[in-house]
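Side chains included, hydrogens not; waters and symmetry mates left out as well; all remaining heavy atoms used.
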Amino acid sequence: MKLLRKNQSSSEEIGERGFTYPFGYKEEDAYIILGQKKFIGIFDVLFQYGTNNPASIGWLLKLIPKEQIESGKIQFVQREKGMDKDREDDIIETEIEVNVSTLENSKDERNAKERTQNSQRIRDMKDSGDLAGAHDTIVDSDICLIVKSDSAEGVEQTLKEIKKAYKHNSVKGVMFVRRTGEQLNELKNLLTTVRADAWHSADMSTVSASKIFLPSSGFSDEQGVYVGTDISSLLSHNPSIVDFTGVRNAVVFMGGVSVYGSISGFEGGSLLANGGSAVAHVMADSNYLAGKRTHHIMLSKFDYTSPDSLVFDMTKESINTLETFGSVETVQKDATANFNKATAVMLLIAKTGSSEEKIKLEAELKDLLVEWVINSANNGGIYTKNPEREPNRARRILATENHKDYPTLYDFLPALNSNIAKRATEGEGPRAVADFLYKTLKTAFNEYPNIFHKETTLPDSFKSNDRNIYYDLSGLENDRKVAGAVFLNTLAYVTNRALNGEQIIIHGLDNVEIPLDEIIPYKEIMERKNIGLITVFNGSEKAINPVTYSAFVGKLSRQDMVILGGLVPNELKDIETTWSRKLPEQVSKTLLESNPNILYFYRRRDRISALIKTHLIL
């Protein structure tokens, strides 16, 4: 199939055969010729306004003739895409209101038909405005008809057969417009280009979805990975192919739902516990292919590891809680964050009683710790009260490769003991607080030496082929407080060791008890270093979820991808409120049923979504 064009400077035709005109391409050519006996005609499918308004769901299927077409073969292709955001905003915020006002004030209608059509237009535009207020979006769409026959006469006869079938079945308002002079480009761009103009449809997404024209997956990306089948498709087992390229930040909220997965292929699959980790692994593959390292903080058990892996069992490894990971440029922020983290770790492990008691203990403990680090740690202090004036002294607090030379919190015990006598001069109450701190923390320090009394054992750098680093905390999941303390240490280590552009996946954030305020500084480090964050929540009806921890994981509306499993009514309400997006009725109904192996995928960049029966291939 080749394009010919006429030489404008002479009567000679240049180019190669391929169109009906025997000597070259003519703008009025009505067909494309393939080989000796295959003629193709491409037509725009347009609708006369109002002829299918209102219509039942799936009305576009009427385009497919009920009778057998004898003279040729036909294909209808419907294409949709989200409208450009600036154009959408202009329509929603300005044009709808202006056009409604113009039509309502118009007195020039010539007849009853025109008045009826204007009233229909006003109603449609007001409905669109209401849907836009409910955070619906606009979708551009067009439909084309491809007719193939063994002759030009066959193409024309096929058109007549289609129109006759429409007449017999009362299909009204359909118009076929020949793409004269554009058919070759149209055929080349059939699956990539949507004609967005005044002659084609622009619908709110809920209306567009209700047409249910051609059965296809919500995700049918040209390049991507198979994740399962679209349960809303009219074709059974219609594959969902998702391109995760560019998905740097995502939330996976499983709600207790399991997923189906297999290793390296379709054979040997099974339902996976903590399946959010499988979803996160599939998403992170695009990061792996881009040559970036991924750090997996495993708070829930998942036995699979990606290629080129390095695994640390955090029940056997140590990270010195007091050791400050950071940089010279941000040492003051890093030191402050680590003082807060070390205080939080000690109080997580210690049995501190009521929240009021904890607040009192926290203030005293932090003051003591800061004073000790500045004046006494390592026999003279390793920090300063004035980091801006004394930058050289301030940077002594930063971790180096000599981990054995860095003080631990166990070295802090004598300061806690000395504080008892000091506070005794202020009365029985202050002395009791100091005594409680010393005895409680001494017990904790002895009980958990890996947290409080050992040097850091993790490496300071990684090899180039260490592309997936696993920090496995799942062995601590029976003690949520200890897991929370180790998680704080691990998060501080990982965010500062990770390089710009790498990615962190937190598997099972809802498996720990961790104060939200203590992890916010590490989110700021990730943003500063352009580190992606995928957060997996496995359970349902937990205090830690994407809504309660949105200050850390990020708002749902800003995620590159959101994946939801089972929901309860309160979770659905909270998610829709914080997302500022009402889920389609079929989606919310399905998620409330918490069916095993059914997940909702939403991708922000093109606003494509689908309910998918999963089959993840790891």
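Judged purely by distance below 3.5 Å, without hydrogens or angles, the side chains of Y226 and H615 never pair a donor atom with an acceptor atom. Residues N489 and K341 bring a donor and an acceptor atom of their side chains to less than 3.5 Å of each other. For the residue pair T456 and N320, no side-chain donor N or O sits within less than 3.5 Å of a side-chain acceptor on the partner.
Taking all atoms of both residues into account, the shortest heavy-atom contact from V331 to A394 is CG2-O, 3.6 Å. The two residues A335 and I397 make their nearest non-hydrogen contact at CB-CD1, 4.1 Å. Of all heavy-atom pairs spanning M298 and S277, the tightest one is CE-OG, 4.2 Å. Taking every heavy atom of both residues into account, R396 and G381 meet most closely at NH2-O, 2.9 Å. Looking at every heavy atom in both residues, A498 comes nearest to K529 through O-NZ, 2.5 Å. Closest heavy-atom contact between I469 and R293: CG1-CD, 3.7 Å.
Residues I319 and M314 are in side-chain contact: their nearest non-hydrogen atoms beyond the backbone lie under 4.5 Å apart. Side-chain contact between T408 and T321 is absent, with no heavy atoms from C-beta onward closer than 4.5 Å. A 4.5 Å side-chain heavy-atom check between L491 and I297 finds at least one atom pair inside the cut-off. Two residues are said to be in side-chain contact when any heavy atoms from C-beta on lie closer than 4.5 Å; L599 and V227 fail this criterion. With a 4.5 Å cut-off on side-chain heavy atoms, N419 and E364 count as touching. For the pair L361/F436, a side-chain contact is recorded, criterion being any heavy-atom separation below 4.5 Å from C-beta on. Residues S550 and L556 are not in side-chain contact: their nearest non-hydrogen atoms beyond the backbone lie 4.5 Å or more apart. For the pair F487 and L348, the minimum side-chain heavy-atom distance is 4.5 Å or more.
By the side-chain contact (heavy atoms from CB on, under 4.5 Å) test, T590 pairs with I231, Q586, N595, I598, L611, sequence neighbours left out. In this structure, E323 has no salt bridge (Lys or Arg N to Asp or Glu O under 4.0 Å) partners at least two apart in sequence or on a different chain. In terms of the side-chain contact (heavy atoms from CB on, under 4.5 Å) criterion, residue partners of K442 (sequence neighbours excluded) are, by chain and number, L413, Y438, N446. Applying the salt bridge (Lys or Arg N to Asp or Glu O under 4.0 Å) test to D221 and every residue at least two apart in sequence or in another chain returns R603. Qualifying salt bridge (Lys or Arg N to Asp or Glu O under 4.0 Å) partners for D510, counting only residues two or more places apart in sequence or in other chains: K542. In this view, V370 and F339, K366, I374 satisfy the side-chain contact (heavy atoms from CB on, under 4.5 Å) rule, not counting sequence neighbours. By the side-chain contact (heavy atoms from CB on, under 4.5 Å) test, R467 is found to be paired with Y288, D308, residues two or more places apart in sequence or in another chain being considered. Applying the salt bridge (Lys or Arg N to Asp or Glu O under 4.0 Å) test to E576 and every residue at least two apart in sequence or in another chain returns K582.
S588 places a side-chain N or O within donor-acceptor distance of the main-chain N or O of E585, the cut-off being under 3.5 Å. Under the 3.5 Å distance criterion, the side-chain polar atoms of T336 are left unmatched by any main-chain donor or acceptor of K333.
A distance of 6.5 Å separates CE in M561 from CZ in F601, rounded to the nearest 0.5 Å. Remark: L473 CG to N511 CG distance equals 10.5 Å, nearest 0.5 Å. Note that CD of Q559 and CZ of R604 are 9.0 Å apart. Values are rounded to the nearest 0.5 Å. Here the OG1-CZ distance, from T384 to R393, works out to 6.0 Å after rounding to the nearest 0.5 Å. Here OG of S418 is found 14.0 Å from CZ of R423. Values are rounded to the nearest 0.5 Å. The CG atom of L441 lies 7.0 Å from the CG atom of L347; values are rounded to the nearest 0.5 Å.
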Only distances under 3.5 Å count here; give the side-chain donor-acceptor pairs of residues 242-261 to other protein atoms, sequence neighbours excluded, each with its distance to 0.1 Å.
residue : atom : partner : partner atom : Å
D243    : OD1  : T245    : N            : 2.9
D243    : OD1  : T245    : OG1          : 2.7
R248    : NH1  : N287    : OD1          : 3.3
R248    : NH1  : G501    : O            : 3.4
R248    : NH2  : G501    : O            : 3.1
R248    : NH2  : E502    : O            : 3.1
R248    : NH2  : N530    : O            : 2.8
N249    : OD1  : L533    : N            : 3.2
Y260    : OH   : G269    : O            : 3.3

Let me check something: any side-chain donor-acceptor pairs from residues 517-525 under 3.5 Å, sequence neighbours excluded? List them with distances.
none

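Applying the ring-ring contact (aromatic ring centres under 6.0 Å, His included) rule to pairs touching residues 398-422 yields W372-F412, Y410-H453, sequence neighbours excluded. Counting only residues at least two apart or in different chains, ring-ring contact (aromatic ring centres under 6.0 Å, His included) contacts with residues 528-584 comprise W579-Y602.
No more than 12 heavy atoms of other residues, nucleotides or ligands lie within 6.0 Å of NZ in K613, so this atom counts as exposed by the packing criterion. In the displayed structure, R528 atom CZ is contacted under 6.0 Å by more than 12 heavy atoms of other residues, nucleotides or ligands. The neighbour count for D405 CG, taken as heavy atoms of other residues, nucleotides or ligands under 6.0 Å away, is above 12.
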Next item on the list: Could you walk me through whether D313 and T315 pass the side-chain hydrogen bond (donor to acceptor under 3.5 Å, both in side chains) test, one step at a time?
Entry: CA-CA 5 Å; D313 181 350; T315 63; 2.6 Å; yes

Notebook entry, point to check: Yes or no on ring pair (Phe, Tyr, Trp, His ring centres under 6.0 Å) for F302 and H281, after CA distance, side-chain angles and deciding distance?
Noted result: CA-CA 11 Å; F302 193 72; H281 273 90; 5.7 Å; yes

Next item on the list: Please report the C-alpha distance between H507 and N274 in whole Å, then the side-chain angles of each, then the deciding distance to 0.1 Å, and finally whether the side-chain hydrogen bond (donor to acceptor under 3.5 Å, both in side chains) criterion is met.
Entry: CA-CA 9 Å; H507 300 255; N274 296 327; over 6 Å; no

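In this structure, Y493 and F325 have perpendicular ring planes: the angle between them is above 60°, well past the 30° mark.
Ion pairing between a basic and an acidic side chain is recognised when a charged N comes within 4.0 Å of a carboxylate O; D303 and K301 show such pairing.
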